[in-house]
2 protein chains.
Amino acid sequence: MPDGRRAKGAVRRRALLEATLRVVGRDGVAAVSQRTVAAEADVPPSAVLYYFASVDDLLVTTLREVNDRYCAELAELPSVEALAAHVAALDPAALVAEYELWLLAARRPDLRSELTRWDATVDALAARLAPDRAETVAAALNGLYLRAATTGVDAEAALRVLRTQD
Amino acid sequence: MPDGRRAKGAVRRRALLEATLRVVGRDGVAAVSQRTVAAEADVPPSAVLYYFASVDDLLVTTLREVNDRYCAELAELPSVEALAAHVAALDPAALVAEYELWLLAARRPDLRSELTRWDATVDALAARLAPDRAETVAAALNGLYLRAATTGVDAEAALRVLRTQD
DNA sequence: CCGAAACTGGAGCGCTCGCTCAGGTAGTTT
DNA sequence: AAACTACCTGAGCGAGCGCTCCAGTTTCGG
């Protein structure tokens with residue numbers, strides 16, 4: 001029988017993770033605090049440290065979840081055209097949040113594995129969609145992501161960049 | 001006659017800017033505070049707010065200086081080969097610092113101009129060194145920078161990525 | 001229906017933060 | 001040398017921080 005107590009807790013826990021991601025996207029990793037996340041999720045501050053061992057734990061858990069999501073999304077793309085459309089459809093604010101977390105992972109040895117996971121996913125995608133020029137496509141994709149985070153990228157331009165040999 | 005007092009002040013001001021960049025590289029933008037920078041530059045904390053209107057002003061000034069330096073460096077590269085060598089020679093820690101500042105600029109409207117300045121410099125370089133495939137080279141260069149910040153990139157691999165058509 | 005377990009939330013501790021300010025020090029001018 | 005002024009600084013304020021603690025509430029199994 002499902003325990004109603006645990007179920008209720010799980011809902012709050014998830015709400016906190018989503019609130020954290022929103023705070024990161026809006027104001028950056030530095031703005032993530034027990035009190036700001038609690039306010040964003042509309043729970044009392046003490047709830048944050050009931051569901052997570054520390055504020056840092058909350059942040060790291062959020063990072064892993066986001067990485068999971070992005071990697072899964074990339075793995076399902078069937079073609080270079082779909083990839084270009086994917087890049088063009090990304091929300092700049094969400095990408096900025098992603099880079100905030102990327103930077104956090106780059107700085108901390110214990111999160112290095114998340115970084116290599118992301119790199120490996122991009123490399124695998126490039127090798128799958130463009131085996132003869134995988135290195136360039138992987139680099140160009142990373143470059144497109146960066147550009148998409150600021151000025152945005154439209155699908156035609158993305159496709160032009162990714163189809164490097166035509 | 002030059003006022004010795006003013007000259008001494010200028011030296012301290014510069015020391016604070018360099019200390020700020022070191023702190024950003026080592027511990028991130030979030031670690032930049034009046035007290036940490038003062039300790040890094042070996043000046044009393046109050047000196048920080050004597051030379052800069054606020055801690056934020058110090059950070060923004062540092063960002064503009066770093067951007068100046070990077071843009072000037074790119075503008076002088078004579079060939080794709082030199083560009084590949086340049087990327088391979090970059091220090092990962094310094095690149096992480098650069099991305100910290102990039103992210104700061106991405107989030108703040110008043111710093112958007114620094115971002116477009118960087119993008120324009122990269123685009124101009126790509127158009128100069130590889131006119132027939134500028135968009136791809138610009139994206140690939142940004143991708144290489146990102147990779148260089150974590151795992152590092154060797155010169156041969158960078159050249160392979162940048163010479164997209166061979 | 002009752003004890004246990006999961007959950008809730010407010011109070012508050014020790015700490016660092018950005019910033020202000022009154023006053024001290026040292027180089028310049030007369 | 002005295003007056004002036006630009007430069008410099010330690011002390012301290014109010015605020016927000018992570019985190020602990022514990023008394024209260026809800027929901028469960030037996």
Side-chain angles (χ1 to χ4, degrees), chain A residues 1-24 26-63 100-101 103-104 107-108 110-111, chain B residues 1-24 26-63 100-101 103-104 107-108 110-111:
Chain A
M1 178 194 291
D3 192 328
R5 291 174 298 182
R6 290 182 188 276
K8 189 175 177 186
V11 169
R12 269 200 162 186
R13 193 187 140 91
R14 174 136 307 275
L16 282 168
L17 287 171
E18 283 164 12
T20 303
L21 190 55
R22 282 198 300 274
V23 171
V24 170
R26 194 195 320 125
D27 304 314
V29 164
V32 171
S33 79
Q34 182 190 0
R35 287 159 176 83
T36 57
V37 170
E40 177 74 27
D42 199 30
V43 300
S46 52
V48 172
L49 290 153
Y50 177 76
Y51 289 102
F52 297 91
S54 64
V55 171
D56 185 74
D57 179 36
L58 167 63
L59 201 53
V60 168
T61 305
T62 302
L63 184 152
E100 288 268 359
L101 295 173
L103 214 40
L104 180 68
R107 201 175 284 289
R108 294 174 45 159
D110 56 316
L111 296 177
Chain B
M1 178 196 289
D3 192 329
R5 289 175 298 185
R6 288 181 190 275
K8 186 177 175 185
V11 168
R12 271 202 162 185
R13 194 186 140 91
R14 175 136 307 274
L16 281 168
L17 287 172
E18 284 164 12
T20 303
L21 189 55
R22 283 199 300 276
V23 171
V24 171
R26 192 196 321 123
D27 302 316
V29 164
V32 170
S33 79
Q34 182 190 0
R35 286 157 178 85
T36 57
V37 171
E40 177 73 28
D42 199 29
V43 300
S46 51
V48 173
L49 290 153
Y50 176 75
Y51 289 104
F52 298 90
S54 64
V55 171
D56 185 73
D57 178 37
L58 167 64
L59 202 53
V60 168
T61 305
T62 302
L63 184 153
E100 288 268 357
L101 295 172
L103 212 41
L104 180 67
R107 199 176 287 289
R108 293 176 43 160
D110 57 318
L111 296 177

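Just so you know, these numbers use all the heavy atoms, side chains as well, and skip hydrogens, waters and symmetry mates. Every chain is numbered from 1 and lettered A, B, ... according to where its sequence line falls, protein lines coming before strand lines.
B/R26 CZ: more than 12 foreign heavy atoms inside a 6.0 Å radius.
OP1 or OP2 of C/dT8 has at least one side-chain nitrogen or oxygen of A/Y51 nearer than 4.0 Å. Here B/Y50 reaches the OP1 or OP2 of D/dC7: one of its side-chain N or O atoms lies under 4.0 Å away.
Contact between B/A19 and B/A41 at its shortest, heavy atoms only, is CB-CB, 3.6 Å.
A/T20 places no side-chain N or O within donor-acceptor distance of the main-chain N or O of A/T62, the cut-off being under 3.5 Å. Not one N or O on the side chain of A/D27 forms a donor-acceptor pair closer than 3.5 Å with the backbone of A/V23.
Near DNA chain C, meaning a heavy atom under 4.0 Å away, the residues from residues 29-48 of chain B are B/V32, B/S33, B/Q34, B/R35, B/T36.
Atom CZ of B/R12 is separated from atom C1' of D/dA6 by 14 Å (rounded to the nearest Å). Taking atom CG on B/D57 and atom C1' on C/dC19, their separation rounds to 14 Å, with Å as the unit. Residue B/L58 contributes atom CG, which lies 14 Å from atom P of C/dC17 at whole-angstrom precision.
Looking only at side-chain heavy atoms (C-beta outward), A/E40 and A/E18 stay at 4.5 Å or farther from each other. Within the 4.5 Å cutoff, the side chain of A/L17 has no heavy atoms near those of the A/R12 side chain. Counting only heavy atoms from C-beta outward, the side chains of A/L63 and A/V24 never approach each other to under 4.5 Å.
Using a 4.0 Å heavy-atom cutoff across all strands shown, B/F52 reaches no nucleic acid atom at all.
Partners of B/D110 by side-chain hydrogen bond (donor to acceptor under 3.5 Å, both in side chains), not counting sequence neighbours, listed by chain and number: B/R108.
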Collect all protein-nucleotide pairs involving nucleotides 22-25 of chain D in which both atoms are nitrogen or oxygen and the distance is under 3.5 Å.
none

